[in-house]
Amino acid sequence: MHYRFIILTKGRALISSDMCVFVCPCRFDYQELLHNSTFCLVPRGRRLGSFRFLEALQAACIPVLLSNGWELPFSEVIDWSKAAIIGDERLLLQIPSITRSVDADRILALRQQTQFLWDSYFSSVAKIVLTTLEIIQDRVHTHISRSRLMWNSLPGGLYTLPHFSSDPTHFPFYYGVLGKTPQQEFTAVIQAVTPLQSPLQPILKLIIAMAKSKFCAQIIVLWNCDKPSPPRSKWPSTTVPLTVIEGERKTMSGRFFPHDVIRTDAVLSLDEDSVLSTNEVDFAFIVWHSFPERIVGYPARSHYWDGGKARWGYTSKWTNEYSMVLTGAAFYHRYYNYLYTHYLPTRLLSMVDQLANCEDILMNFLVSAVTKLPPIKVTQKKQYKETMMQQGSKSSRWADPDHFAQRQSCMNSFTSWFGFMPLLHSQLRLDPVLFKDQVSILRKKYRDIERL
């Protein structure tokens with residue numbers, strides 16, 4: 001097995017091909033060499049450290065450090081043995097044999113870790129400063145400090161807020177690593193914005209359908225209507241606890257507030273006029289249980305780059321691709337409520353509240369930025385209508401002609417704050433086993449979905 005490695009020195013680069021080192025002439029492009037090399041030797045500079053160490057990290061070139069006594073950056077929390085090879089500058093001639101002994105699997109793991117560490121902690125001055133401050137906070141508040149697992153595994157220490165929990169098992173990102181699975185139940189959270197005037201209103205049917213799910217632990221209605229909440233007698237009787245929380249500020253971001261009453265790992269976020277059957281909810285929850293770090297749900301949307309206007313666009317067209325699953329009918333982990341409320345800047349939340357729009361897009365941006373993964377769409381009945389069904393209703397925000405234009409604007413404002421476009425496209429849709437297959441309906445577990 002042959003690898004190329006590059007020795008990073010002041011003013012020139014030395015390249016090794018099959019472990020024979022020669023001086024690189026000026027015609028070689030330095031950045032191209034970095035990105036095409038497996039190992040980058042990083043000897044000491046004028047001091048113990050060298051800026052070439054960060055250059056190697058950025059290029060996903062495995063740093064081979066030759067600077068005895070150098071305390072690597074953030075070594076208090078970062079395990080550098082997972083991203084670099086630490087050599088002895090007194091034993092330079094042993095480096096070729098050391099690099100030859102690294103197998104292909106470890107090379108891949110080392111390079112992936114260099115990219116994770118660079119992107120999480122070193123890719124900007126702001127991240128370096130924030131990482132420093134968070135490490136200091138962990139020193140001060142040792143009882144809620146982050147573990148090394150949190151700092152050295154995706155999504156990184158900056159996305160795992162210790163005030164939520166210092167226990168890695170409470171975060172969806174570490175279930176697989178720790179051999180844990182989420183709870184087998186969910187909390188349905190319904191956003192109510194219109195008065196309760198008729199026993200036939202969709203929200204009442206929705207509550208009944210949710211209560212029939214064997215996985216539903218409780219139902220919470222977030223009453224964000226201007227009129228007072230109706231008495232308990234107006235709500236349907238259910239076999240699971242039904243709680244009505246009257247929002248103090250009645251804002252769009254309030255639907256993602258981390259209420260203490262939400263105790264389950266899974267949250268099913270619903271608009272008041274979502275139309276879902278118990279079978280659909282049960283199947284979506286089973287899918288989420290296998291992908292607890294992602295948003296899993298029904299109404300999907302997509303983004304695209306508009307070259308003519310040099311901006312990001314938003315589309316609701318039904319295609320074979322999507323990059324967002326709207327939170328009008330979607331499962332996600334309750335930690336994202338906490339992250340949405342306490343991590344995102346006030347100006348983005350204020351923008352969402354002022355427009356009374358885009359909170360679902362912002363949640364998708366946040367989850368995709370954290371996980372580096374797209375959401376997951378599950379099958380739905382063919383005649384499913386938009387989250388707001390009655391397009392002509394004066395109370396429906398979908399009837400507002402500015403609604404779509406606002407969502408276009410939100411896409412670009414959010415991208416500006418994140419510094420990149422975190423949304424990722426996917427063509428995956430998960431259906432129940434035997435869905436639409438020409439077999440007896442009695443063999444199908446979620447048979448009602450096809451009848452809807």
Side-chain angles (χ1 to χ4, degrees), residues 48-49 51 53-54 57-58 70-84 112-178 180 253-254 256-260 262-263 265 267 292-293 332-350 352 362-363 365-372 414 416-420 422:
L48 279 176
F51 68 87
F53 175 60
L54 293 183
L57 285 183
Q58 183 180 17
W70 181 19
E71 185 74 16
L72 294 176
F74 304 143
S75 59
E76 179 179 338
V77 297
I78 293 177
D79 183 358
W80 284 109
S81 65
K82 295 181 177 180
Q112 288 175 333
Q113 191 71 358
T114 63
Q115 288 299 275
F116 160 66
L117 295 176
W118 168 260
D119 182 63
S120 299
Y121 308 123
F122 298 102
S123 57
S124 68
V125 174
K127 285 189 176 181
I128 293 173
V129 172
L130 184 57
T131 302
T132 303
L133 294 175
E134 291 296 314
I135 292 174
I136 293 173
Q137 177 178 281
D138 280 2
R139 290 179 184 175
V140 174
H141 304 288
T142 55
H143 60 292
I144 55 170
S145 61
R146 282 156 281 217
S147 66
R148 287 178 73 87
L149 173 65
M150 295 178 178
W151 284 105
N152 291 279
S153 304
L154 284 166
L158 300 186
Y159 281 127
T160 49
L161 304 186
H163 286 88
F164 174 79
S165 177
S166 58
D167 184 352
T169 62
H170 293 164
F171 296 86
F173 328 112
Y174 308 119
Y175 287 154
V177 176
L178 299 174
K180 183 181 181 296
S253 293
F256 299 131
F257 186 81
H259 294 283
D260 292 337
I262 301 176
R263 296 293 184 181
D265 293 332
V267 175
E293 75 281 9
Y332 59 84
H333 196 278
R334 70 186 180 99
Y335 174 62
Y336 292 128
N337 280 345
Y338 190 90
L339 201 62
Y340 184 98
T341 303
H342 297 288
Y343 176 81
L344 294 175
T346 303
R347 68 180 182 87
L348 288 189
L349 300 182
S350 298
V352 166
L362 184 54
M363 178 60 90
F365 264 69
L366 177 62
V367 176
S368 290
V370 171
T371 63
K372 307 295 188 294
F414 299 160
S416 176
W417 183 81
F418 279 92
F420 67 104

Given side chains that start at C-beta, do those of Phe173 and Thr160 come closer than 4.5 Å, heavy atoms only?
yes
Which heavy atom of Pro168 sits nearest a heavy atom of Tyr174, and at what distance?
O-CD1, 3.4 Å
Set of side-chain contact (heavy atoms from CB on, under 4.5 Å) partners for Asp79, sequence neighbours left out
Ser81, Lys82, Arg148, Asn152
Hey, what do you get for NE2 (His170) to NZ (Lys180), rounding to the nearest 0.5 Å?
7.0 Å
How close do Thr169 and Tyr175 get, counting heavy atoms only, and between which atoms?
O-CE2, 3.2 Å
Just distance, no hydrogens or angles: give the donor-acceptor pairs under 3.5 Å from side chains in residues 125-133, sequence neighbours left out.
residue: Lys127; atom: NZ; partner: Asp119; partner atom: O; Å: 2.5
residue: Thr131; atom: OG1; partner: Lys127; partner atom: O; Å: 2.7
residue: Thr132; atom: OG1; partner: Ile128; partner atom: O; Å: 2.8

Rounded to the nearest 0.5 Å, what's the gap from OH on Tyr336 to OH on Tyr343? Could you check?
13.0 Å
Exercise: identify the closest heavy-atom pair between Val352 and Ser253
CG1-OG, 3.7 Å
With sequence neighbours excluded, residues passing side chain to side chain donor-acceptor pair (under 3.5 Å) with Arg139
Glu76
Ring centroid separation Phe53 to Trp70 under 6.0 Å
yes
Given Trp118 and Leu54, is the side chain to side chain contact (heavy atoms under 4.5 Å, CB included) satisfied, shown in steps?
CA-CA 8 Å; Trp118 168 260; Leu54 293 183; 4.1 Å; yes
Looking only at heavy atoms, which two atoms of Phe420 and Ala369 are closest? And how far apart?
CZ-CB, 4.3 Å
Just how far is it from atom CG of Leu339 to atom NE2 of His333, taken to the nearest 0.5 Å?
12.0 Å
Using every non-hydrogen atom in the two residues, find where Ser120 and Pro155 come nearest and quote the distance to one decimal.
OG-O, 4.0 Å
Contact check, side chains of Glu134 and Trp151, non-hydrogen atoms, under 4.5 Å
yes
Begin with the C-alpha distance, continue with both residues' side-chain angles, and end with the deciding distance and a verdict on side chain to side chain contact (heavy atoms under 4.5 Å, CB included) for His259 and Arg334.
CA-CA 10 Å; His259 294 283; Arg334 70 186 180 99; over 6 Å; no
OG1 of Thr341 to CZ of Phe164: how many Å apart, nearest 0.5 Å?
11.5 Å
What closest approach, in Å, do Gly157 and Arg146 show between heavy atoms, and which atom pair accounts for it?
O-NH1, 2.9 Å
Just so I know, are the side chains of Trp80 and Ser75 near enough to count as touching, which here means a heavy-atom distance under 4.5 Å?
yes
CD of Glu293 to OH of Tyr332: how many Å apart, nearest 0.5 Å?
16.0 Å
Aromatic plane relationship, Tyr338 with His342 - under 30° parallel, 30 to 60° tilted, over 60° perpendicular
tilted
Would Val370 and Tyr335 count as a side chain to side chain contact (heavy atoms under 4.5 Å, CB included) here? Give the steps.
CA-CA 12 Å; Val370 171; Tyr335 174 62; over 6 Å; no
Find out whether Ser350 and Arg347 are in side-chain contact, i.e. whether some heavy atom of one side chain is under 4.5 Å from a heavy atom of the other.
no
Check the pair Ser165 / Asp167 against side-chain hydrogen bond (donor to acceptor under 3.5 Å, both in side chains), numbers first and verdict last.
CA-CA 5 Å; Ser165 177; Asp167 184 352; 5.3 Å; no
Taking it one step at a time, do Phe122 and Ile78 satisfy side chain to side chain contact (heavy atoms under 4.5 Å, CB included)?
CA-CA 12 Å; Phe122 298 102; Ile78 293 177; 4.1 Å; yes
Could you state the interatomic distance from CZ (Phe365) to CZ (Phe418), rounded to the nearest 0.5 Å?
7.5 Å
